[in-house]
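Below: the structure, in structure tokens.
Below, read A as the first sequence line, B as the second, and so on, with proteins coming before strands; counting in each chain starts at 1. A quick note: this is a predicted structure, and the numbers were derived from the prediction, not measured.
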There are 2 protein chains.
Amino acid sequence: MNKHILVADDDLHIREVISFALEKAGMQVTLAEDGRQAIDYFALHSIDLLVLDINMPELDGLEVCREIRKTSDTPILFLSSRDDEIDRILGLEIGGDDYVTKPFSPRELVARINVILKRVVAKPAAVMNQLQHGKLAIHLEQHAATWNGLVISLTATEFAMLQLFVRSPQRVFSRDSIMTGAYNNIYISDRTIDSHIRHIRQKFADAGCDALIETVHGVGYKLALCQ
Amino acid sequence: MNKHILVADDDLHIREVISFALEKAGMQVTLAEDGRQAIDYFALHSIDLLVLDINMPELDGLEVCREIRKTSDTPILFLSSRDDEIDRILGLEIGGDDYVTKPFSPRELVARINVILKRVVAKPAAVMNQLQHGKLAIHLEQHAATWNGLVISLTATEFAMLQLFVRSPQRVFSRDSIMTGAYNNIYISDRTIDSHIRHIRQKFADAGCDALIETVHGVGYKLALCQ
DNA sequence: TACCGCTTTGATTACCTATTGATAAGCAAT
DNA sequence: ATTGCTTATCAATAGGTAATCAAAGCGGTA
């Protein structure tokens, strides 16, 4: 259960301080003197978290991170000496999880490591329950649509039809397939479909959106690009 | 109560880092992958604060802010990658409340968010057990509701139903889901639900609150925005 | 037991939506 | 331009849903 932390720093004193603090916090610590050692050790051991100094000769922390990230999502915490060094640590290319600037308090380092480690087992954040198509959004739970942030109230049937369109944005729906998809295959007149289309168009036009639904002559209707 | 934060960033890793940090700080977090999603989500949910990445494809954070500001004063905190972007943000017409430059420490972000939130509502941390939605408050321990400070006495069933609504504002509840959520899945007539809705509406109307619960024809009922 | 307040329900009315046919407008090929 | 077909529009109707109310059922209390 006690976590295995791999620490890479070229400064012996720092290594000692960190090692002492982490072991005191019940973690298993492995120390690397440079990036090369860290990468090699990582390849053959199961590590729960890496602590990487950015400023190391030869292979610096960022490069180590890049290398690690090719094969692993193991959390990485960076140590940096100056603020300007830490460009994009938390950003896209690198993929760090947090950073600490030197000088740091060992206690803070431990605290931050614990935070990151807890995250691994934490629940994923709530998923946004909406379908998106350009400026159009379908809010399933709220049973409502928005266009460019404007709420557009739809009746149950209109909502079902629009939802059908958004779920297959580029597809052309014949009136028959609308009957099957938005209703339960009940037969209704083609005029009924037209009528609902008209109402939907009207409501969106009122919100400033012309041309949400396009007519494909002789075939049916489809959702426009509507960006 | 626990605040609802909407975070928009196109970088998955950043979203994860932020989401974890904020949830750990007791906030409710919703993640958006782009500005469009954020705007549309915002339209139908009560959000206490937005975190917007400035650098997003399509609709960037500044544009999102501009859009939001047309209708709302909800605090906005920007994430920016470069310092030179920041001058414009704070100075000009945009209307952001703070900014954080990447890379940032999650802890710093939380701290700044808390500062902003406290500025908006300087409230004592005493009363914990209540749900809030605009002027409506559900006092769980007292088993009572208040609207705009006025106490509204509710029966047990009415209280259970209203609580269900407040826990998911703007969500549409079918009569069935009300039975499941507010009762214990016991079958009762649809008229019973109507009746309780009527009583709740009546009591709030007496307190000066019309349109607390909206009817979604053919679907069910939902709590109005009601700010 | 009788009372009282809350819950439940059926009946009635009011309201809203869906549907449709008629008519006008639009499109495409001759 | 004409013709034949497809789509748009509209208003009226049918059908379904919600609001309201009164009365009955239920459970606790005096």
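- Checked against B/Phe159 for a ring-ring contact (aromatic ring centres under 6.0 Å, His included), the options B/His143, B/His139, B/His199 give a single hit: B/His143.
- The phosphate of C/dT19 (OP1 or OP2) has a side-chain N or O of A/Tyr183 nearer than 4.0 angstrom.
- A/His196 places its NE2 atom 5 Å from the P atom of C/dA18, with the value rounded to the nearest Å.
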Notebook entry, point to check: Under a cut-off of 3.5 Å for both distances of each Watson-Crick or G-U pair, what dot-bracket string does DNA chain D give, using [ ] for crossing pairs and | for inter-strand pairs?
Noted result: ||||||||||||||||||||||||||||||
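- When the P atom of D/dA8 is taken as reference, atom CG of A/Asp190 falls 12 Å away, rounded to whole Å.
- Atom CZ in B/Arg175 sits about 13 Å away from atom P in C/dT9, given to the nearest Å.
- Side-chain atoms of A/Arg112 and A/Tyr99 include no donor-acceptor pair closer than 3.5 Å.
- Judged by distance alone, the side chains of B/Ser72 and B/Thr74 do bring a donor and an acceptor atom under 3.5 Å apart.
- Contact annotation for B/Thr192: base contact, defined as any heavy-atom pair under 4.0 Å involving a base atom.
- Ion pairing between B/Asp60 and B/Arg36 fails under the 4.0 Å rule for side-chain N and carboxylate O.
- Proximity of A/Thr155 to the phosphate of C/dA18: a side-chain N or O atom is located under 4.0 Å from OP1 or OP2.
- Ring geometry for B/His4 versus B/Tyr41: interplanar angle over 60°, hence perpendicular rather than tilted (30 to 60°).
- The side chain of A/Arg201 contributes an N or O atom lying less than 4.0 Å from OP1 or OP2 of D/dA8.
- At whole-Å resolution of the value, CD1 in B/Ile213 and C1' in D/dA19 are 14 Å apart.
- Using modelled atom types, one finds no donor on one side chain facing an acceptor on the other under 3.5 Å when comparing A/Thr180 with A/Ser177.
- Residue-level contact check: A/Tyr221 touches the backbone only, with heavy atoms under 4.0 Å from sugar-phosphate atoms and none from bases.
- Taking atom CD1 on B/Ile188 and atom P on C/dT8, their separation rounds to 5 Å, with Å as the unit.
- Here the P atom of nucleotide D/dT17 and the NE2 atom of B/His217 are 7 Å apart, to the nearest Å.
- For C/dA18, one of the phosphate oxygens OP1 or OP2 lies less than 4.0 angstrom from a side-chain nitrogen or oxygen of A/Thr157.
- A close approach under 4.0 Å does not occur between any side-chain nitrogen or oxygen of B/His199 and OP1 or OP2 of C/dC6.
- Residue A/Ser195 is in base contact, counting any heavy-atom pair closer than 4.0 Å across all strands shown.
- At a threshold of 4.0 angstrom between heavy atoms, the contacts of A/Thr215 are confined to the sugar-phosphate backbone, with no base atom among them.
- The separation between A/Arg198 atom CZ and D/dT7 atom P is 16 Å, rounded to whole Å.
- Put simply, CD on A/Gln202 is 16 Å from P on C/dA18, counting in whole angstrom units.
- With no hydrogens or angles considered, a side-chain donor-acceptor pair links B/Arg201 and B/Thr215 at under 3.5 Å.
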